[in-house]
Amino acid sequence: IEELVQVQLENEEWHAGEKTLRLLKRINQNRRQEKPDAWRKTVYEMVKAYLMLGKQGGIRGYYHVAESLPLIDDSLEMLVHSGSERDNWLTLKAALSYRAAKDAERLGQQSYWASDPTTEDYMRYRRAVVLHLSAGINAL
């Protein structure tokens, strides 16, 4: 399934790739407790797939990048006492958090949110930027 997702995304078959990625995520939820090492490997592949989906740009691209962050958090929870592997996941989280913050900022600048800084949508955009940057800083 991982290879199918990769092929679909490389061919920019976004809808099919999203659907197959959801299937992969659902199938592997049970592996989290049973085979944590295999699960983390699959999570890493899913994060790469979400980044490829992020190439779509716009709000959908942003959501796909942001969707990868909870997967990284799940992996970090399992690596409390593992030094170097935990450092790699923290670095990945910092990088993706920064990417999500930049994407949210770009969306806010390109949309009507930026036209009126008192609107609820504008405040939502600002909160997203702050939360992603804060998560990235904490990971570092």
Side-chain angles (χ1 to χ4, degrees):
I1 295 176
E2 290 174 22
E3 291 175 7
L4 177 60
V5 170
Q6 188 173 1
V7 167
Q8 289 171 329
L9 297 180
E10 285 174 359
N11 291 324
E12 296 185 356
E13 297 170 7
W14 305 123
H15 183 69
E18 288 177 45
K19 189 174 178 181
T20 309
L21 184 57
R22 281 193 303 272
L23 176 65
L24 177 65
K25 190 175 181 180
R26 198 169 333 133
I27 288 171
N28 282 285
Q29 286 298 348
N30 296 336
R31 294 174 72 191
R32 185 178 192 273
Q33 298 301 325
E34 298 166 5
K35 299 179 181 179
D37 292 336
W39 185 79
R40 278 193 307 277
K41 180 185 173 291
T42 302
V43 165
Y44 184 75
E45 294 302 319
M46 286 191 287
V47 168
K48 286 183 1 186
Y50 278 121
L51 284 175
M52 288 179 76
L53 283 167
K55 291 192 319 187
Q56 294 177 76
I59 194 94
R60 290 181 64 82
Y62 161 71
Y63 282 135
H64 287 303
V65 172
E67 221 172 323
S68 69
L69 293 170
L71 291 171
I72 294 170
D73 288 338
D74 284 347
S75 294
L76 282 166
E77 284 179 19
M78 301 175 83
L79 294 169
V80 174
H81 302 294
S82 177
S84 64
E85 188 177 0
R86 184 169 170 77
D87 289 347
N88 292 338
W89 282 96
L90 285 167
T91 302
L92 181 61
K93 180 176 175 138
L96 288 174
S97 295
Y98 178 75
R99 162 96 184 263
K102 292 302 288 179
D103 287 352
E105 183 178 39
R106 188 174 323 119
L107 282 170
Q109 291 170 349
Q110 294 172 351
S111 74
Y112 66 92
W113 293 345
S115 63
D116 183 6
T118 62
T119 65
E120 186 177 323
D121 286 336
Y122 179 79
M123 295 307 290
R124 187 177 306 131
Y125 143 73
R126 293 302 309 158
R127 275 193 300 274
V129 172
V130 169
L131 289 174
H132 290 308
L133 286 177
S134 175
I137 289 168
N138 286 337
L140 287 175

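Values below: all heavy atoms of this structure, side chains included; hydrogens, waters and symmetry mates excluded.
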**Student:** Taking only residues two or more places apart in sequence, or in another chain, which ones meet Glu10 in a side-chain contact (heavy atoms from CB on, under 4.5 Å)?
**Tutor:** Gln6, Met52
**Student:** Can you name the closest pair of heavy atoms from Ala100 and Leu69 and give their distance?
**Tutor:** CB-CD1, 4.4 Å
**Student:** Group every Ile, Leu, Val, Met, Phe, Trp and Tyr by side-chain heavy-atom contacts under 4.5 Å, then state whether Leu53 and Leu23 land in the same group.
**Tutor:** yes
**Student:** Using salt bridge (charged side-chain N to carboxylate O under 4.0 Å, His left out) as the criterion, point out the one residue from Asp87, Asp73, Asp74 that pairs with Lys93.
**Tutor:** Asp73
**Student:** Please report the closest heavy-atom contact between Leu51 and Arg99, naming both atoms and the distance.
**Tutor:** CD2-NH1, 3.5 Å
**Student:** Which residues pass the side-chain contact (heavy atoms from CB on, under 4.5 Å) test with Arg40, not counting sequence neighbours?
**Tutor:** Pro36, Asp37, Ser75, Met78, Leu79, Glu85, Trp89
**Student:** Just to verify, which of Asn28, Ile27, Thr20 counts as forming a side chain to side chain contact (heavy atoms under 4.5 Å, CB included) with Leu24?
**Tutor:** Asn28
**Student:** Any chain of hydrophobic side-chain contacts (each under 4.5 Å) joining Val43 to Ile1?
**Tutor:** yes
**Student:** For Val5 and Leu21, work out which heavy atoms get closest and say how close.
**Tutor:** CG2-N, 3.8 Å
**Student:** Do any N or O atoms from the side chain of Ser68 and from the backbone of Val65 form a donor-acceptor pair under 3.5 angstrom?
**Tutor:** yes
**Student:** I'd like to check the side-chain contact (heavy atoms from CB on, under 4.5 Å) partners of Glu67; sequence neighbours left out, ordered by chain and number.
**Tutor:** Lys25, Tyr50, His64
**Student:** May I have the list of side-chain donor-acceptor pairs in residues 130-140 shorter than 3.5 Å, sequence neighbours left out?
**Tutor:**
| unit_1 | atom_1 | unit_2 | atom_2 | d |
| --- | --- | --- | --- | --- |
| His132 | NE2 | Tyr62 | OH | 2.8 |
| Asn138 | ND2 | Ser134 | O | 3.4 |

**Student:** With sequence neighbours left out, which residue pairs that include part of residues 44-62 fulfil the salt bridge (charged side-chain N to carboxylate O under 4.0 Å, His left out) condition?
**Tutor:** Glu18-Arg60, Glu45-Lys48
**Student:** Mind listing the closest non-hydrogen atom pair of Ile59 and Leu107 along with its distance?
**Tutor:** N-CD2, 3.7 Å
**Student:** Under the side-chain contact (heavy atoms from CB on, under 4.5 Å) rule, collect the residues that match up with Ala16, sequence neighbours excluded.
**Tutor:** Gln8, Glu13
